[in-house]
Amino acid sequence: MTERGWRAIAFTLYFALGAAWSLLMPMWEGPDEPAHYVLALTLARSNEYQTLDRNYEAHQPQLYYRLASLPLKILQAQDPESIAYVRPYPYFRFVRQPVRIFDWNDENYQFLPGPQLLRWLNLLLGAGALWVNDRSARSFVQGGRLRTAALLLAALTPQYLHISSAVNNDAFAALAGALLFALLARVWFRPPGWAGSFLAVLLGIVVPLTTKLSVLPMGLSVIAAVFWVHREALWTQRIRWLAGGAAAAALIGAGFYLASPQMARLIVEQILWRALTVRPDAFQGSYLWPVLAQIAWSFWGKVGWLAVGLPGAFIAGLTALAFAGALADVRAPLRQPADPEADGPRRRGWGWLWVAAGLAVLAILKNGLTTPNSQGRFLFPALGPLTLVVASGWSRLLPERLRPYLPHLVLAVMLGLNLWLWLSGVLPVYYQPWFD
């Protein structure tokens, strides 16, 4: 099958499975959906962003919620009640347990156009992230087999499908990370001049601060690539660069503070807290191992409010295979491209995939030392580099005769995981009255 055919299969399945996820999961059972929706709803109705004392997600940058408020405004103009926030009684004591939190039943069930529209908006944003990552992969990988396997792995990961079909800002963050991945490829393979480099550094800082802090590892990867490309000039003109960097930082900081003093303070507090704070019990096994398990689980598939997941043996096996593939990729550099002139840049460019993926993993692990709420879905902004590294390693682990079938194996495994999770967890636990 051609690469175009595989791409069509990947996106067809992504939209079909994502739409099914958006309908199978009762409204508000996606992680923190009520808080995310109310932020967008308040902007649609009054153009005001809620404060932290009214909404625990109000520390998030506003850009996604302003985007999400636009379709809500359109619906509101047609029917104000269509975007209403309707929520049945919640049983929050069931968080992290395989039980429904919200009491939808035959008497109170109703279709909610506003929240459902935002679920489908996020499905489009998640697809955009997949498309940009796939395009960017062509700069690093010549063989279509690896690109196809990486795309299928990303598009059919159950947790990515679930998060991309729920009301949250994670799909927007995944798209922002994908765009920075494309910028990383551009910086390395077609190094920009001084103006372009300055713009790349600026985007590496501003994009995470305006979308979600989980995008920050991708921003840092772009900044590191710019500095590496211009390392010789940086050394000879370090005074000029230091002055320009200080001026740019002051300009960005002043702009954020003038635009929203409260948000600027919250972002700084969040960065300092997550970067510099470590829990007293962070390195104790009773704390560390459950957090590591949660990170792995919530990357592959633990849906709802961390309530229903794939079997632990599946998670352990998938995580072990991912690490085995990554280690195999480290030990065996990419085969030389057909064009010797492209060999050096392409092989060194592969190292930037490791920089981006490594920074993302380290950030999640460090976050786990600060808060037990660290989750694997925060890796999705770096999904492009992560899946390429893992797919490359899996290709090396397979016997030579099976390597052409890597996309087929990835497709079969990921489809099987989705069906298993639906049949063993989602359908039995999350009762929907319209199933009757």
Practice item. Determine, step by step, whether H59 and E269 satisfy the side chain to side chain contact (heavy atoms under 4.5 Å, CB included) criterion, reporting the C-alpha distance in whole Å, the side-chain angles of both residues, the deciding distance to 0.1 Å, and the verdict. Key: CA-CA 10 Å; H59 67 277; E269 290 172 1; over 6 Å; no

**Study point:** Check against side chain to side chain contact (heavy atoms under 4.5 Å, CB included), L369 and L288
**Key:** CA-CA 8 Å; L369 300 178; L288 186 59; 4.0 Å; yes

Review point. Could you walk me through whether N168 and D32 pass the side chain to side chain contact (heavy atoms under 4.5 Å, CB included) check?
Key: CA-CA 7 Å; N168 55 58; D32 302 306; over 6 Å; no

Practice item. Show your reasoning for whether side chain to side chain contact (heavy atoms under 4.5 Å, CB included) applies to V278 and K366. Key: CA-CA 8 Å; V278 174; K366 170 60 189 68; 4.2 Å; yes

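Open room surrounds CH2 on W228; 12 or fewer heavy atoms of other groups in view lie less than 6.0 Å from it. No more than 12 heavy atoms of other residues, nucleotides or ligands shown are found within 6.0 angstrom of CZ on F323.
The CG atom of L152 sits 8.0 Å away from the CG atom of L13 when rounded to the nearest 0.5 Å. Taking CH2 of W21 as the start and CG of L17 as the end, the distance is 9.5 Å to the nearest 0.5 Å. The CE atom of M1 sits 12.5 Å away from the CD atom of E3 when rounded to the nearest 0.5 Å. The CD atom of E81 sits 10.0 Å away from atom CD of Q76, with the distance rounded to the nearest 0.5 Å. Atom CG of N367 is separated from atom CD of Q375 by 9.5 Å, given to the nearest 0.5 angstrom. Going from atom CZ of F172 over to atom CG of L121 covers 9.5 Å, rounded to the nearest 0.5 Å.
Contact check for P158 versus K302: no side-chain heavy atoms found under the 4.5 Å cut-off. Looking at heavy atoms from C-beta onward, V222 lies out of side-chain contact with L203 at the 4.5 angstrom threshold. Side-chain contact between S22 and Q116 is present, with heavy atoms from C-beta onward closer than 4.5 Å. Residues L409 and L398 meet the side-chain proximity criterion, which asks for heavy atoms closer than 4.5 Å. Side-chain contact check for F102 versus R87: some heavy-atom pair is nearer than 4.5 Å. By the 4.5 Å heavy-atom criterion applied to side chains, I101 and Y430 are not counted as neighbours. Considering only heavy atoms from C-beta on, H408 comes within 4.5 Å of W6 through its side chain. Annotation: side chain of L292 is in contact with side chain of L365 (closest heavy-atom distance under 4.5 Å).
A donor-acceptor pair under 3.5 Å is absent between the side-chain atoms of D79 and the main chain of L75, judged by distance alone. Put simply, the side chain of S395 never gets that close to the backbone of A391: no donor and acceptor are under 3.5 Å apart. Side chain of R100 to main chain of W104: a donor-acceptor pair is present (N/O by atom type, distance under 3.5 Å, no hydrogens or angles). When atom types are taken as modelled, the side chain of S374 and the backbone of I364 share a donor-acceptor pair closer than 3.5 angstrom. Within the 3.5 Å criterion, the main-chain N or O of G384 finds a donor-acceptor partner in the side chain of T387. Judged by distance alone, the side chain of T210 and the main-chain N or O of V207 form a donor-acceptor pair under 3.5 Å. For K212 (side chain) and Q60 (main-chain N/O), no donor-acceptor pair under 3.5 Å exists by modelled atom type. Of the possible polar contacts, one joining the T370 side chain to the T277 backbone as a donor-acceptor pair under 3.5 Å is found. Using modelled atom types, no side-chain atom of S392 and backbone atom of L388 make a donor-acceptor pair closer than 3.5 Å. The main-chain N or O of A154 is never found under 3.5 Å from a side-chain atom of Y14 such that the two would form a donor-acceptor pair.
Considering all non-hydrogen atoms of both residues, S136 and A185 come closest at O-CB, 4.5 Å. Shown here for P71 and L118, the closest heavy-atom pair between the two residues is CG-CD2, 4.1 Å. The two residues L151 and R7 come nearest to each other via the heavy atoms CD2-CG, 3.8 Å. The shortest heavy-atom contact between L306 and Q294 is CD1-OE1, 3.5 Å. Heavy atoms only, all atoms of each residue included: A171 and G126 are closest at CB-N, 4.0 Å. Listed here is the closest heavy atom pair of W300 and T157: O-CG2, 3.7 Å.
Comment: D134 does not engage R147 in a salt bridge, judged by the lack of any side-chain N to carboxylate O separation of less than 4.0 angstrom.
Each of L411, L153, L146 was evaluated against L406; a single residue qualifies, L146, per the side-chain contact (heavy atoms from CB on, under 4.5 Å) test. Of the options W305, Y85, Y91, a ring pair (Phe, Tyr, Trp, His ring centres under 6.0 Å) to W28 is made by Y85 and by none of the others. Of the residues V303, V426, V308, the one that meets the side-chain contact (heavy atoms from CB on, under 4.5 Å) test with H162 is V303.
For F380 and F299, the ring centers are positioned less than 6.0 Å apart. In this structure, F314 has its ring center under 6.0 Å from that of W420.
Taking the six-membered ring where the residue is Trp, F189 and F140 present perpendicular rings, their angle passing 60° and hence far from 30°. The aromatic rings of Y65 and Y49 are tilted relative to each other, their planes meeting at an angle between 30° and 60°.
Between Y89 and N108, the side chains place no donor N or O within less than 3.5 Å of an acceptor N or O (distance only, hydrogens not considered).
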